[in-house]
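Below: one structure, written as structure tokens.
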Amino acid sequence: MKRCEPNEVARTIIEHFPREHHEKDPFKVLVSTILSQRTRDENTELASKRLFDRYSSPVSIANASPEDLYDLVKPAGMYKQKAGRIVAIAKLLVERYDNKVPMELSELLKLPGVGRKTANIVLSVSFGIPALAVDTHVHRISNRLGWVKTRTPDETEHELTKLLDEDLWGPINGSMVEFGRRICKPLKPLCGKCPVKECCKLFLFPETAER
DNA sequence: AAAACGGGGGC
DNA sequence: GCCCCAGTTTT
């Protein structure tokens, strides 16, 4: 790596930690993303699989009650909340959105349980629209690298849209999660294995760097 | 700004 | 046993 320009560092991270989404169906992406909120992916994959095996369309979930979903989504945690929101979303899609997940951020945000992170994941994964999903990983790593000095994910999102090329917004989402889970961990980051450590403020200046 | 929701896995 | 996890909503 010749320079430590953010776009170049981001491309290196994306190359080392690819994360392709095989599932692109908007409804399934939306539901599985809600299930994965504050929960590791490994725990939610089985829940998503079993849920879609039993209820494959918005209509079928709209006709169910939250209690019907409890046992299916329980491994994802916060299951009462998530089951209630998934059923409520399905009903909304059927009643007001012609049975389809909307493609506009403003409309997605009206759905219960859908905030900026979830909405932007759906936009980028299902619709191919450039969108940054700034979760705890993206927030933490961006600050460690020295790309931003922010205190909230929303601030980080605003800064990153100015810092990173649009074509990186989608790919960086998943790659940062993988990178953050395997190397740039919250507590004890494995800086020795990090492919971009020579561009990282935390590695170069551990005393002064932000957490 | 803080609490609440929550089962599963790492250490 | 304790802490964290592709957050969001409510108090």
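Note: hydrogens, waters and symmetry copies are ignored here, and every other heavy atom, side chains too, is used. Here is the naming used below: chain letters follow the sequence lines, and residue numbers restart at 1 for every chain.
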To the nearest 0.5 Å, what is the distance between CZ (A:R85) and CD1 (A:I34)? 8.0 Å

Closest-nucleotide 5' rank along DNA chain B - winner of A:A76 and A:E42: A:A76

Which residues within residues 153-168 of chain A lie with some heavy atom under 4.0 Å of an atom in DNA chain C? none

Length of the NE2-P vector between A:H139 and C:dC5, whole Å: 12 Å

Protein N or O to nucleotides 9-11 of chain C N or O, pairs below 3.5 Å:
from	atom 1	to	atom 2	distance (Å)
C:dT9	OP1	A:G113	N	3.1
C:dT9	O4'	A:R85	NH2	3.4

Can you list the residues that meet the salt bridge (Lys or Arg N to Asp or Glu O under 4.0 Å) rule with A:D68, with sequence neighbours excluded? none

Please give the distance between the P atoms of C:dC3 and B:dA3 as a whole number of Å. 15 Å

Which residues pass the side chain to side chain contact (heavy atoms under 4.5 Å, CB included) test with A:S56, sequence neighbours left out? none

How long is the line joining NZ of A:K82 and C1' of B:dG7, in whole Å? 9 Å

Taking only Lys NZ, Arg NE, NH1 and NH2, and the carboxylate oxygens of Asp or Glu, determine whether A:R54 and A:D71 approach each other closer than 4.0 Å. no

Between A:C199 and A:C4, is the SG-SG gap under 2.5 Å? yes

Just checking A:T136: base, sugar-phosphate only, or nothing, at a heavy-atom cut-off of under 4.0 Å? sugar-phosphate

DNA chain B in dot-bracket, Watson-Crick or G-U pairs under 3.5 Å, [ ] crossing, | other strand? |||||.|||||

Hey, does the side chain of A:T152 reach the backbone of A:E155 with a donor-acceptor pair shorter than 3.5 angstrom? yes

Just to verify, what does A:K82 make a side-chain hydrogen bond (donor to acceptor under 3.5 Å, both in side chains) with, not counting sequence neighbours? A:T39

How many Å lie between CG on A:L69 and P on B:dG6, as a whole number? 13 Å

Roughly how far apart, to the nearest Å, are B:dG7 and C:dT10 at atom C1'? 22 Å

Contacts to DNA chain C from residues 30-41 of chain A, heavy-atom cutoff under 4.0 Å, which residues? A:S36, A:Q37, A:R38, A:T39, A:R40, A:D41

Atom CZ of A:R140 to atom P of C:dC4: distance rounded to whole Å? 12 Å

A:N43 CG - C:dC5 C1' separation (whole Å): 9 Å

Taking all atoms of both residues into account, what is the closest heavy-atom pair of A:N173 and A:A133, and its distance? OD1-N, 3.0 Å

Pair A:R182 + A:E178, salt bridge at N-O below 4.0 Å: yes

Mark yes or no for whether A:H139, through its side chain, and A:D135, through its backbone, hold a donor-acceptor pair below 3.5 Å. no

Measure the shortest side-chain to side-chain distance between A:L69 and A:Y55 over non-hydrogen atoms and say whether it is less than 4.5 angstrom. yes

Any idea how A:Y70 and A:Y79 line up, ring-wise: parallel (<30°), tilted (30 to 60°), or perpendicular (>60°)? perpendicular

Can you tell me which residue pairs pass the side chain to side chain donor-acceptor pair (under 3.5 Å) test with a partner in residues 111-123 of chain A, sequence neighbours excluded? A:Q37-A:T118, A:R116-A:E157

Expressed in angstrom and rounded to an integer, what is the separation of A:R182 atom CZ from C:dC4 atom C1'? 19 Å

Return whichever of A:P75 or A:K185 has its heavy-atom-nearest nucleotide of DNA chain B closer to the 5' end. A:P75

Please identify each residue that fulfils side-chain hydrogen bond (donor to acceptor under 3.5 Å, both in side chains) with A:E42, with sequence neighbours left out. none

Quick note, side chain to side chain donor-acceptor pair (under 3.5 Å) partners involving residues 18-34 of chain A, not counting sequence neighbours, are A:R19-A:D41

Could you measure between the two P atoms, the one in B:dC5 and the one in C:dG1, and give it in whole Å? 22 Å

Separation of C:dT8 P from A:L108 CG (nearest whole Å): 12 Å

Decide, yes or no, whether a salt bridge links A:E107 with A:K110 under the criterion of side-chain N to carboxylate O below 4.0 Å. yes

Could you give the distance separating C:dT11 and B:dG6 at their P atoms, to the nearest angstrom? 15 Å

A:K162 meets the side chain to side chain contact (heavy atoms under 4.5 Å, CB included) criterion, sequence neighbours left out, with A:H158, A:E159

Could you go over nucleotides 1-5 of chain B and give all protein N or O partners under 3.5 Å, atom names and distances?
from	atom 1	to	atom 2	distance (Å)
B:dC5	O2	A:Q81	OE1	3.2

